Amino acid sequence: MKIAIVCYPTFGGSGVVATELGLELAKKGHEIHFITYSQPVRLALLNNNLHYHEVHVPEYPLFLYQPYELALSSKLVDMVKLYKIEVLHVHYAIPHAYAGYMAKKMLEDEGIRIPMITTLHGTDITLVGNHPYYKPAVSFSINKSDIVTSVSNSLRDETYRLFDIKKEIVVIPNFIEPSKFSLTEEVKCGRNVMAHDNEKIITHISNFRKVKRIDDIVKIFYNIQKTIPAKLMMVGDGPEKQMAEDLCNTLGIYDKVVFFGNSSEIDKILCHSDLFLLPSETESFGLAALEAMSCGVPVISSNSGGLPEVNIDGYSGYLSDVGDVDSMSKNAISILVDDEKLKTFKKNAKEVASRFNILNIVPMYENVYTQAIELSNQKA
Ligand code: GMT
């Protein structure tokens with residue numbers, strides 16, 4: 001199949017999922033066209049099955065806001081015609097589903113029918129899409145998609161609760177390619193670069209937005225290191241990073257915390273880690289937790305959104321109410337002080353992650369594409 005994938009190219013989870021999906025589909029022989037404003041971070045090499053088309057937005061001084069949606073929908077029209085693309089898969093409703101629908105209508109005007117699949121990722125529904133200024137456009141473009149998917153049951157339910165959605169939402173969970181996260185077995189991690197032998201390594205990876213509750217992470221770590229020698233690896237960048245550094249200073253633990261910034265080598269960092277922290281206010285799925293688990297790292301998380309669908313309480317880690325720093329600290333310490341328990345939780349985390357193997361999930365998307373093409377042909 002010839003598939004166009006529209007996504008955010010940055011370090012966010014939705015862009016990562018879209019890119020990994022495209023890479024796997026290309027491996028399986030599909031022709032994939034990524035269409036976005038810069039090359040997705042995990043898209044290294046292009047080949048006959050993997051194309052990238054950049055959306056350029058010409059600057060015009062009269063515009064306070066440059067019209068990205070307009071440039072994107074025009075690019076989609078051009079690329080669909082040029083490469084005879086058969087399916088359009090947009091990740092993240094805002095503004096991709098809206099621009100995709102416009103492209104679909106423009107193409108229809110020229111006698112070309114192309115089905116559009118919209119995958120909802122989380123903040124496009126829970127935080128941003130729900131804003132009254134966006135809501136009518138988001139509802140409209142979800143309802144106008146040929147097929148809608150969401151990355152968890154929780155996100156599907158939230159979408160029905162928050163929007164007037166008349167379509168079925170198909171749940172296709174996020175996935176992992178285990179070979180990309182198996183350094184622990186193949187390579188020596190060089191753990192001693194990060195910490196002394198007696199120190200446990202705790203890790204957090206995100207885009208450091210408010211929703212991640214970065215201050216809770218620092219407070220949980222503060223409690224942990226009072227009981228067990230430990231180091232905290234903070235990976236990623238975003239608006240809350242400075243606050244986190246300041247808080248570490250205030251609490252007198254700055255020398256025990258490493259701020260990496262954005263990294264494309266999270267497998268190498270996770271491979272050292274004993275525990276992963278994700279106390280988010282809301283998380284539709286928690287791809288970062290799944291990637292940690294795939295490296296055999298147990299997860300201490302909140303129980304919000306789709307996290308209970310990924311992290312199994314008392315098995316691959318522990319779940320607590322949002323903001324319950326005491327409970328999260330107690331749970332973290334209970335795993336870290338007991339070597340046998342830590343070993344069991346590490347094994348369990350890897351086992352749960354293997355349920356989300358890319359090889360099981362990608363065929364679900366292929367089915368959806370086939371179904372969408374059939375539906376579109378029936379309408380013709
Ligand atoms: O929250 C992020 O880190 C970014 C955001 C995105 O859209 O890029 O992530 C959302 O989509 C991910 C991939 O499906 C999910 O794993 C994250 O849980 C979800 N984030 C939230 O719901 C806050």
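Order of listing sets the numbers, starting from 1, for every ligand and every atom in it. Side chains included, hydrogens not; waters and symmetry mates left out as well; all remaining heavy atoms used. Just so it is clear, the structure is predicted and the values come from calculations on it, not from any experiment.
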### Neighbour count >12 (heavy atoms, 6.0 Å) for atom OH, Tyr98
no

### Message
Please check whether Val17 reaches ligand 1 - meaning an N/O of the residue sits under 3.5 Å from an N/O of the ligand, judged on distance alone.
### Response
no

### Task
Check each heavy atom of Val151 against ligand 1 and say whether those closer than 4.0 Å belong to the side chain, the backbone, both or neither.
side chain

### Query
Going by the atom numbers of ligand 1, which of them fall below 4.0 Å from some non-hydrogen atom of Leu287?
16 (O)

### Query
Counting heavy atoms not belonging to Lys210, are there more than 12 under 6.0 Å from its NZ?
no

### Task
Report whether Phe259 and Phe276 are members of the same hydrophobic cluster (ILVMFWY, side-chain heavy atoms less than 4.5 Å apart, transitive linking).
no

### Task
Please report the C-alpha distance between Tyr92 and Thr123 in whole Å, then the side-chain angles of each, then the deciding distance to 0.1 Å, and finally whether the side chain to side chain donor-acceptor pair (under 3.5 Å) criterion is met.
CA-CA 8 Å; Tyr92 209 87; Thr123 43; 2.6 Å; yes

### Message
Check for me whether the distance between the ring centres of Phe345 and Tyr318 falls short of 6.0 Å.
### Response
yes

### Query
Which ligand 1 atoms, with their elements, are less than 4.0 angstrom from a heavy-atom of Ser284?
15 (C), 17 (C), 18 (O), 19 (C), 21 (C), 22 (O)

### Task
For Arg209 and ligand 1, answer yes if some heavy atom of the residue is under 4.0 Å from a ligand atom, otherwise no.
yes

### Summary
Quick note on ligand 1: atoms under 4.0 Å from a heavy atom of Asn207 include exactly 2 (C), 3 (O), 4 (C)

### Heavy-atom closest pair, residues Met116 and Tyr101
SD-N, 3.6 Å

### Message
Please check if the number of heavy atoms outside Glu110 that lie under 6.0 Å from its CD is greater than 12.
### Response
yes

### Query
ligand 1 versus Leu155, non-hydrogen atoms closer than 4.0 Å: side chain, backbone, both, neither?
neither

### Message
Out of Glu158, Glu291, Glu283, who is nearest to atom 21 (C) of ligand 1 when you count heavy atoms only?
### Response
Glu283

### Message
Within the 4.0 Å heavy-atom shell around Asn174, which atoms of ligand 1 are there?
### Response
13 (C), 14 (O), 16 (O)

### Task
With heavy atoms under 4.0 Å as the rule, classify the contact between Tyr92 and ligand 1 as side chain, backbone, both or neither.
side chain

### Message
Just checking Lys135: does its NZ atom have more than 12 heavy atoms from other residues, nucleotides or ligands closer to it than 6.0 angstrom?
### Response
yes

### Message
I'd like to know whether ligand 1 has Gly286 as a neighbour, heavy-atom separation below 4.0 Å.
### Response
yes

### Task
Report the part of Val16 in contact with ligand 1, treating N, CA, C, O as backbone and CB onward as side chain, heavy atoms under 4.0 Å; options are side chain, backbone, both, neither.
neither

### Query
For ligand 1, which atoms have a heavy atom of Gly12 less than 4.0 angstrom away?
8 (O)

#### Entry: Proximal ligand 1 atoms for Thr282, defined as those under 4.0 Å from one of its heavy atoms
23 (C)

### Beyond-backbone contact of Val257 with Phe221, side-chain heavy atoms, under 4.5 angstrom
yes

